Asks: 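For reference, the structure I am asking about is given below.
These figures come from a predicted structure and were not determined experimentally. Below, chain A is the first sequence line, B the second, and so on; all start at residue 1.
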Amino acid sequence: MSDRLVTRVTCSVLVGAVGFFLATVTPAENPADEHVKVELVSEKDAIVPTEQVWLGIRFDLEEGWHTYWVNPGDSGEPPRIEWQLPTGFQVGSIEWPYPARLSTPPFVDYGYEHQVLLSVPVLPPSGLNEGTTAEITARIHYLVCHDVCIPGRKQLLLSLPVKNHAAPGANLLLFEETRKRQPKATPKGWKVSAASVGGEFLLTLKTGKLPVDPQFFPLEPEQIENAAPQNVTLTPGGVQLHLKKSNHLLKPLSRIRGLMVVSGTAYWLDVPVSQSPRGVQMQFMKN
Amino acid sequence: MKRNLGCGLVVAILLACLAGAQRVGEAAPDFRATDSSAQIHKLSEYRGKFVVLEWHNNGCPYTRKHYESGNMQRLQKEWTGRGVIWFTVISSAPGQQGFVTAKQENDYLKQMSASPTAALLDPQGDVGRAYAAKTTPHMFIVNPNGVLIYDGAIDNKATTDQGDIATATNYVSQALEEAMASKPVSTPTSRPYGCSVKYAH
């Protein structure tokens, strides 16, 4: 009797352990699947030794749902990818396309709706044998939100043949479109400066021609109030953006880093912040 | 004339800045709120004690991370045991995720073996907005003089994974330990992580 009880207890513990194991690894147990389809995709249909190829995680989100940029803004969390690649493969970090401002008053998040591709460059080594297959695994953690948020976790697999020549894959267009949304270096002709003025940072851009619909996305959290409107003042040869400082900023900021999106193109900004109060008045007097 | 205009603008901006939400190092906004046992609490009645404010939404995966692991309950037990007042604050509006009636909250506290000093029901979001509470969880600490000394995340691992708790630095415990030892708080602000607080639209 007591032996049987022991057996039964042992069995249920085992079943419990197996059940827990399955729950953590089976994709069918991923509730986020109802709202987003995630897929590991390649720009090309094959791996060519020593030839860089772009791989990516493609998110197809249900209407009204979103996922997040590297700085998610007021809430949320950016997706994370852990790669498992064959020996000798090198993988870069995610080239984040610029996000959208997602407003749910009183908050603003930075993220993506509808569809996004988070792509990374991958460099295969030399000495791969043609006719073999490269097995690539990406373990991803992500959060999708609508009114409510659901965390997701998935293991995605992709097998690509090793060849001496690769043709475009089925997602070529998506990779090309995504590249247009990835930030570029600041154009050489631009003059960018930043000043700390009371409760604001003033970001001054001289671009030569009028930037259309300028928007700034801070790379670091807790530097500016995400939900504050970014008022734009026209200046000779450019614009000035008013960015409200974050309440969490307790020390002067030495540099401001982020994306400046103008006329639908994103540029990296990394500028020192001048603290001079004299500069402040000069800026006002110009207006 | 121009100079006056310039100075005026600077003053206007400074005033606008002061009118914003509180900052660490400044007086914490006073509030009056009713808990799930129909008791009224006023922050200013707790001068002389440390007060922790924990923004809460029982359906949010980040809140669940810290409750289903028992982490939040451990913190509540430890710090109330050391004389700290701990308020769980629920600012979800009716119909939104995390909104609870007093009875539902009492059932939840019992079921989760949670032991805050009290769970404050803030369905209008008044306390939440006074503190600019952004996420669940979002943690604040008020010192015995009524000054805000911490505003931010519960810890430094912004995930929904319970496995991360063991290796995380808990900013609330760190700040309380430091402040109780009369040391400056080494991390007084951080990005709060979690679901957005579900205020009334």
Asks: Which answer fits B:Thr136, side chain, backbone, both or neither, if we ask what part of it has an atom under 4.5 Å from a heavy atom of chain A?
Replies: neither
Asks: I'd like a table of donor-acceptor pairs (distance under 3.5 Å, sequence neighbours excluded) in which one partner is a side-chain atom from residues 106-120 of chain A, with atom names and distances.
Replies:
from	atom 1	to	atom 2	distance (Å)
A:Asp109	OD1	A:Asp74	N	3.2
A:Asp109	OD1	A:Ser75	N	2.8
A:Asp109	OD1	A:Ser75	OG	3.2
A:Asp109	OD2	A:Ser75	OG	2.9
A:Tyr110	OH	A:Asn226	OD1	2.8
A:Tyr112	OH	A:Pro97	O	2.6
A:Gln115	NE2	A:Asp60	OD1	2.9
A:Ser119	OG	A:Gln182	NE2	3.0

Asks: Can you tell me if A:Arg139 has over 12 outside heavy atoms packed within less than 6.0 Å of its CZ?
Replies: no
Asks: Name the option with the most non-hydrogen atom pairs under 4.5 Å to chain A; the candidates are B:Pro188, B:Gly152, B:Gly59, B:Pro192.
Replies: B:Pro192
Asks: Most heavy-atom pairs under 4.5 angstrom with chain A, which of B:Val197, B:Val24, B:Thr135?
Replies: B:Val197
Asks: Does anything in residues 151-201 of chain B pair up under disulfide bond (SG atoms under 2.5 Å apart), and if so which pairs, sequence neighbours excluded?
Replies: B:Cys60-B:Cys195
Asks: If you count heavy-atom pairs within less than 4.5 Å of chain B, which of A:Leu249, A:Leu143, A:Thr104 leads?
Replies: A:Leu143
Asks: Measure the shortest side-chain to side-chain distance between A:Glu77 and B:Thr159 over non-hydrogen atoms and say whether it is less than 4.5 angstrom.
Replies: yes
Asks: Find out whether A:Arg153 and B:Thr160 are in side-chain contact, i.e. whether some heavy atom of one side chain is under 4.5 Å from a heavy atom of the other.
Replies: no
Asks: Apply side chain to side chain donor-acceptor pair (under 3.5 Å) to residues B:Asp151 and A:His248 and explain how you reach the verdict.
Replies: CA-CA 8 Å; B:Asp151 171 355; A:His248 279 189; 2.7 Å; yes
Asks: Might you confirm whether atom CZ of A:Arg255 has over 12 heavy atoms from other residues, nucleotides or ligands at distances under 6.0 Å?
Replies: yes
Asks: Is any side-chain heavy atom of B:Arg191 closer than 4.5 Å to a side-chain heavy atom of A:Pro72?
Replies: yes
Asks: Check whether any side-chain N or O of B:Lys198 sits under 3.5 Å from a backbone N or O of A:Asp147 as a donor-acceptor pair, and report yes or no.
Replies: yes
Asks: Tell me, for A:Cys149 versus chain B, whether the close heavy atoms (under 4.5 Å) come from the side chain, the backbone, both or neither.
Replies: both
